[in-house]
Q: 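Sharing a structure, written as structure tokens. Questions coming.
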Number of protein chains: 2
Amino acid sequence: MTIGEAAAATGVSAKMIRYYEEIGLVPAAGRTAAGYRVYGPHDVHTLRFVRRARDLGFAVDRIAALLALWRDRSRASADVRRLAVDQAALLRRRIDELQSMVRTLEHLAEHCHGDARPDCPILDDLAATAGECHAAPDARFGSTGRPHRPSPKEMP
Amino acid sequence: MTIGEAAAATGVSAKMIRYYEEIGLVPAAGRTAAGYRVYGPHDVHTLRFVRRARDLGFAVDRIAALLALWRDRSRASADVRRLAVDQAALLRRRIDELQSMVRTLEHLAEHCHGDARPDCPILDDLAATAGECHAAPDARFGSTGRPHRPSPKEMP
DNA sequence: GTAGGGCTTCCCATCATGGGAAGGTCAAGC
DNA sequence: GCTTGACCTTCCCATGATGGGAAGCCCTAC
């Protein structure tokens with residue numbers, strides 16, 4: 001199997017397969033005399049594993065850990081489970097951040113007439129300055145709850 | 001106000017302020033004779049606007065659009081509203097993807113005993129190959145519904 | 001006059017992914 | 001046997017938003 005065929009068979013692009021090899025996530029593939037990479041069923045299986053793990057949002061270093069456990073016949077399922085639970089928690093945190101943003105956005109959009117007039121509570125909110133140019137520094141929309149700095153790295 | 005003071009006043013790091021200036025998101029700041037950037041209340045106001053928009057997850061090009069509308073006294077609030085609604089929809093899509101991943105992860109974790117034994121449905125699922133090494137290609141967990149390719153770009 | 005802290009620019013790194021160029025290889029068709 | 005087109009190789013660059021750090025200038029306080 002060439003890299004292109006392996007890519008088609010696994011859903012991992014040829015570019016990514018080379019990258020994963022380069023960073024050591026997957027072992028270096030065999031080569032033909034001409035230097036072409038060669039993939040067998042086992043390699044395809046591994047690549048599919050990686051692909052599925054990526055589909056669950058695992059970062060590459062976590063996938064490396066999963067692969068190591070996969071290959072370790074004497075693993076403890078607790079270790080695998082921990083990775084999965086951690087990942088779920090990580091995603092839930094991201095979801096919470098995003099939901100908080102959505103809540104704010106939808107609240108703002110709701111209060112904007114959305115017509116030809118220029119008045120817009122959305123811009124007013126974005127421009128709100130704790131007593132610098134015009135507005136009072138109090139609650140602009142009550143408990144909209146725009147998270148005061150939801151975290152610099154929103155989507156890692 | 002120097003760039004450091006503006007950074008402290010707006011929550012945008014000095015690095016980011018320079019970056020926003022470089023890409024044209026905010027106008028170039030004035031300079032002292034020695035070349036130091038100088039910021040006034042108006043600049044601070046703009047930076048705060050940018051910061052708040054970032055907090056709502058807007059990409060930089062969308063923030064540019066918001067800033068343009070903000071400065072345009074004859075804007076239609078409908079245009080602003082559209083940006084906000086689009087943004088909310090974008091975030092919702094991301095949330096849906098993440099939630100689908102979380103569902104799968106938690107379902108898998110639930111079915112893993114998580115003890116010292118090596119058997120692990122999580123690894124079995126990741127390793128599942130449509131009839132290649134061991135398992136039958138049928139539904140492994142019934143309707144877990146791992147999304148068949150939730151999209152290559154999970155979190156833009 | 002000097003020390004320390006802040007400013008400048010420039011380069012590099014992240015993370016996972018894609019685009020593209022330059023050149024070698026293979027298989028099919030003539 | 002030769003051409004053609006599809007595929008492979010490596011190498012470099014770009015993304016988006018952010019941080020880190022170096023080398024060098026500037027300002028203020030002592």
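Protein chains get the first letters and strands the later ones, always in sequence-line order, with residue 1 at the start of each.
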Q: From the set C:dG19, D:dC26, D:dT18, return the single nucleotide nearest to any side-chain atom of B:Tyr20.
A: D:dT18

Q: Which atom names give the shortest non-hydrogen contact between B:Tyr20 and B:Val12, and what distance separates them?
A: CE1-CG1, 3.7 Å

Q: Base, sugar-phosphate, or nothing: which does B:Ala59 touch, judged by heavy atoms less than 4.0 Å apart?
A: sugar-phosphate

Q: For D:dC8 and A:Thr2 - does any side-chain N or O of the residue sit under 4.0 Å from the phosphate oxygens OP1/OP2?
A: yes

Q: Let me know the distance between CZ of A:Arg18 and P of D:dT9, rounded to the nearest Å.
A: 5 Å

Q: Choose from C:dG24, C:dG18, C:dT17 the nucleotide whose nearest atom is closest to any side-chain atom of A:Arg54.
A: C:dT17

Q: Under a 4.0 Å N-O cut-off, is there an ion pair linking B:Glu97 with A:Arg94?
A: no

Q: Minimum heavy-atom separation for B:Val38 and B:Arg31, please, with both atom names.
A: CG2-C, 3.9 Å

Q: Could you give the CD1-to-P distance, from A:Ile17 to C:dT17, as a whole number of Å?
A: 12 Å

Q: Could you go through A:Tyr36 and A:Ile3, starting from their C-alpha distance and side-chain angles, then the distance that decides it, and tell me whether this counts as side-chain contact (heavy atoms from CB on, under 4.5 Å)?
A: CA-CA 8 Å; A:Tyr36 281 27; A:Ile3 197 172; over 6 Å; no

Q: Quick one: B:Lys15 NZ to D:dG19 P, roughly how many Å, whole number?
A: 9 Å

Q: So what does A:Arg37 touch, heavy atoms closer than 4.0 Å: a base, only the sugar-phosphate, or nothing?
A: sugar-phosphate

Q: What is the distance, to the nearest angstrom, from the CD1 atom on A:Ile3 to the P atom on C:dT25?
A: 17 Å

Q: Should we say atom CZ of B:Arg62 is surrounded by more than 12 heavy atoms from elsewhere, each under 6.0 Å from it?
A: no

Q: So, are B:Asp96 and B:Arg93 salt-bridged, with charged N and O less than 4.0 Å apart?
A: no

Q: Enumerate the residues from residues 21-33 of chain A whose closest heavy atom to DNA chain C is under 4.0 Å, giving them by residue number; use none for an empty result.
A: none

Q: With no angle test and no hydrogens, is the base of C:dG24 tied to the side chain of A:Tyr36 by a donor-acceptor pair under 3.5 Å?
A: yes

Q: Return the minimal non-hydrogen interatomic distance between A:Arg54 and A:Ala59, and the atom names on each side.
A: NH1-CA, 4.0 Å

Q: In plain terms, say whether A:Arg51 and A:Asp55 are close enough for a salt bridge, that is, a side-chain N and a carboxylate O under 4.0 Å apart.
A: yes

Q: Nearest heavy atom decides the nucleotide; on that basis, is A:Ala34 or A:Met16 closer to the 5' end of DNA chain C?
A: A:Met16

Q: Rounding to 10°, can you tell me the angle the first-five-pair axis of the helix from C:dG1-D:dC30 to C:dC30-D:dG1 makes with its last-five-pair axis?
A: 30°

Q: I'd like to know if A:Arg37 pairs up with A:Glu5 as an ion pair, taking the criterion as any Lys NZ or Arg NE/NH1/NH2 lying under 4.0 Å from an Asp or Glu carboxylate oxygen.
A: no

Q: Given C:dG18, is OP1 or OP2 found less than 4.0 Å from the side-chain N or O atoms of A:Ser13?
A: yes

Q: In whole Å, what is the span from the CG atom of B:Asp55 to the C1' atom of D:dA17?
A: 14 Å

Q: Between A:Asp119 and B:Ser77, does the side-chain hydrogen bond (donor to acceptor under 3.5 Å, both in side chains) criterion hold? Intermediate values first, please.
A: CA-CA 6 Å; A:Asp119 326 279; B:Ser77 61; over 6 Å; no

Q: What is the distance, to the nearest angstrom, from the OH atom on B:Tyr19 to the C1' atom on D:dT15?
A: 9 Å

Q: For B:Tyr39 and for A:Asp61, find the nucleotide of DNA chain C with the closest heavy atom, then tell me which residue's nucleotide is more 5'.
A: B:Tyr39

